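Remarks on the structure that follows.
If you're wondering where the values come from, they're calculated on a predicted model, not measured in any experiment. Values reported hereafter were calculated over all heavy atoms of this structure, with side chains retained and with hydrogens, waters and symmetry mates removed. Labels below follow one simple rule: chain letters A, B, ... track the order of the sequence lines, proteins then strands, and each chain is numbered from 1.
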Amino acid sequence: MTLTKDEPLILGFETSCDETGVGIVRGNTLLADAVASSVDEHARFGGVVPEVASRAHLEAMVPTVRRALKDAGVTLQDIDAIAVTAGPGLAGALLVGVAAAKSYALALNKPIYGVNHLAAHICVDQLEHGPLPEGCVAMLVSGGHSSLLFVPDVTGDVQPLGQTIDDAAGEAFDKVARVLGLGFPGGPLIDKAARDGNPDAIAFPRGLTGPRDAPLDFSFSGLKTAVARWIEHRERAGEKIPVADVSASFQEAVVDVLTRKAIQACKERGADHLLIGGGVAANSRLRTLAEERGTKAGIQVRVPRPNLCTDNGAMVAALGSELVRRGRTPSPLNFPADSSQPVVDVVAR
Amino acid sequence: MLLLAFDTATPATTVALHDGAAVLAESTTVDARRTGELLAPGITAVLEAAGHKPGELTGIAVGVGPGPFTGLRVGLVTARALGDALGIPVHGVCTLDVVAYQTNSATPFAVATDARRKEVYWAQYSDHLTRTTEPDVAHPALIADRLSGLAVAGEGAVLYPEAFPHAIEPRRPSAAALAELVVQRLASDPASLLFPEPLYLRRPDAVEPTTRKRVSTG
Ligand SMILES: [Zn+2]
């Protein structure tokens with residue numbers, strides 16, 4: 001049931017973590033981006049509880065589809081094809097979205113694309129900045145991923161360049177926010193606290209930046225421990241914790257490494273475009289520093305607006321749209337949800 | 001009437017099509033880890049076997065558990081999404097009731113299915129149509145006395161013979177039976193049909209903070 005169409009109307013599903021996202025795009029035009037989040041239910045646990053997320057996905061699924069259709073002003077019968085995150089992500093959460101998407105595809109007799117979540121994070125920028133330049137470098141940073149990718153073709157050729165060897169960047173934000181007593185999720189809270197702080201106040205370590213370290217891999221576990229130890233030390237001495245300075249210095253350590261390695265990856269691959277996506281791409285300091293270093297290196301930096309950076313259904317629909325535009329073969333109806341789907345597999349088979 | 005029935009609350013992914021008079025087609029595959037892969041193709045298979053299209057369906061029947069959560073949710077979200085896409089009603093039935101219906105027993109018995117973690121989901125029946133207790137989850141040893149002397153249907157009796165020595169058929173629910181049961185209840189007692197809400201019977205495990213999804217790019 002391969003479909004090729006220039007401006008297809010795509011219904012996209014995303015349930016890889018704690019957001020139930022349903023997006024609708026026509027070509028590269030965003031029509032609806034409905035998201036129901038269970039983040040509040042996880043806050044008291046300081047992290048996403050998979051079973052809580054999965055239960056919330058089931059409850060939110062049909063209402064979120066209805067909201068997206070209403071926002072877009074289209075009916076299910078207008079839809080040309082369905083796209084859904086097949087992986088990577090939380091296994092039980094992914095399955096809810098995949099089963100729902102298959103049901104809509106089956107009922108409407110439309111092709112379905114089980115797509116890679118990371119490729120969708122890249123493709124979403126087309127909704128804001130137009131077609132992706134061929135052979136760009138993408139850096140995806142969130143609570144679940146920290147990856148550098150070379151992207152000759154987002155519909156079929158995405159190559160891993162480097163990734164975190166321990167914690168994801170967003171995870172480090174969550175953990176440091178918890179130690180500072182700021183709350184969850186940590187990213188926006190640290191970003192805010194850091195605004196009044198001095199990024200050079202404390203020299204926190206930059207992971208994997210030694211001459212013998214993997215040049216494009218990341219490590220944030222040591223940094224997180226260093227911050228916790230620094231705070232513990234001050235607390236034991238009865239000193240007050242300078243939350244703003246700790247936040248700013250920690251944040252600087254993360255974004256310094258991220259941007260340095262991203263620019264390095266662009267240089268190695270001769271890419272003149274760097275695309276940044278994922279929840280951490282909403283971080284204001286990351287945006288500023290990437291822009292600054294990009295300009296210096298002659299690399300154009302593309303970052304979608306914050307609500308397109310976090311997990312959403314529009315990014316999945318955007319990738320679905322590109323797959324249809326290029327006439328790629330859809331997934332069979334029995335494709336699996338794959339919690340560790342490799343990034344080289346853009347479409348599930 | 002064209003009723004599509006399925007249940008995913010046990011290792012069996014079972015799908016059937018019923019026209020109000022008889023079961024037209026059934027497809028059952030046992031593989032607990034592949035419910036998400038098996039259900040949609042199972043639905044297209046029964047529709048094709050009976051020569052019908054999804055748009056001709058007039059209702060959905062779904063087993064609402066209790067059962068292991070991941071597979072159970074695949075069935076329920078599928079039922080809700082199909083109901084929404086086709087604009088047709090979704091009728092829920094307790095999965096234990098389906099197994100009970102299949103026993104065709106006129107005398108009291110119990111149903112116990114595998115709840116994992118060395119527990120069973122269970123309920124008591126006075127005959128194949130009448131449940132006398134609320135579905136619950138328990139360690140077999142803790143209910144063995146209460147059910148002593150009763151025949152026990154479902155996988156639980158096969159897994160825990162020391163607690164439930166008198167095992168009877170069937171081991172698992174069949175969608176054909178689910179369809180028949182819903183056709184009967186629609187005619188005689190539609191209020192007994194349930195909203196397609198999973199019977200979890202357990203709270204989510206949420207004790208210690210977990211890390212978010214970790215992703216490899218390899
Ligand atoms: Zn993501």
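Note: A:Leu333 CG to B:Ile43 CD1 = 8.5 Å, rounded to the nearest 0.5 Å. Taken from CG in B:Leu72 to OG in A:Ser54, the straight-line distance is 11.5 Å, to the nearest 0.5 Å.
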side-chain contact (heavy atoms from CB on, under 4.5 Å), that's the test. Do B:Thr70 and A:Leu95 meet it? Break it down for me.
CA-CA 8 Å; B:Thr70 302; A:Leu95 259 177; 3.3 Å; yes
Under the side-chain contact (heavy atoms from CB on, under 4.5 Å) criterion, do B:Phe69 and A:Glu51 qualify, and how do the steps go?
CA-CA 9 Å; B:Phe69 307 154; A:Glu51 177 60 23; 3.0 Å; yes
Going through the checks in order, is the side-chain contact (heavy atoms from CB on, under 4.5 Å) test met by B:Arg73 and A:His57?
CA-CA 10 Å; B:Arg73 264 191 297 266; A:His57 286 311; over 6 Å; no
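Between A:Arg55 and B:Arg203, the closest heavy-atom pair is NH2-C, 4.0 Å.
Contacts between A:Glu59 and chain B at a heavy-atom distance below 4.5 Å involve backbone atoms as well as side-chain atoms. Only the side chain of A:Val65 comes within contact range of chain B, with heavy atoms under 4.5 Å apart. Heavy-atom distances place no part of A:Ala337 under 4.5 Å from chain B, backbone and side chain included. With a threshold of 4.5 angstrom between heavy atoms, B:Arg34 does not approach chain A through any atom at all. Both the backbone and the side chain of A:Val96 come within contact range of chain B, each with at least one heavy atom under 4.5 Å from a heavy atom of that chain.
Atom CZ of A:Arg349 has more than 12 neighbouring heavy atoms from other residues, nucleotides or ligands inside a 6.0 Å radius. With a 6.0 Å radius and a threshold of 12 heavy atoms from other residues, nucleotides or ligands, B:Arg33 has its CZ atom at or below the threshold.
Listed by chain and number, the residues in a side-chain contact (heavy atoms from CB on, under 4.5 Å) with B:Val158 are B:Arg171 (sequence neighbours excluded). For B:Ala153, the side-chain contact (heavy atoms from CB on, under 4.5 Å) test picks out B:Val99, B:Thr103, B:Val111, B:Ile168, B:Pro170, with sequence neighbours left out.
The interface of residues 74-86 of chain B with chain A, defined by heavy-atom distances below 4.5 Å, comprises B:Val74, B:Leu76, B:Val77, B:Thr78, B:Arg80, B:Ala81, B:Leu82, B:Asp84, B:Ala85, B:Leu86.
Pairs engaging residues 176-186 of chain B under the salt bridge (Lys or Arg N to Asp or Glu O under 4.0 Å) rule: B:Asp97-B:Arg185 [sequence neighbours left out].
Using a 4.5 Å cut-off on side-chain heavy atoms (C-beta onward), A:Leu58 and B:Pro198 make contact.
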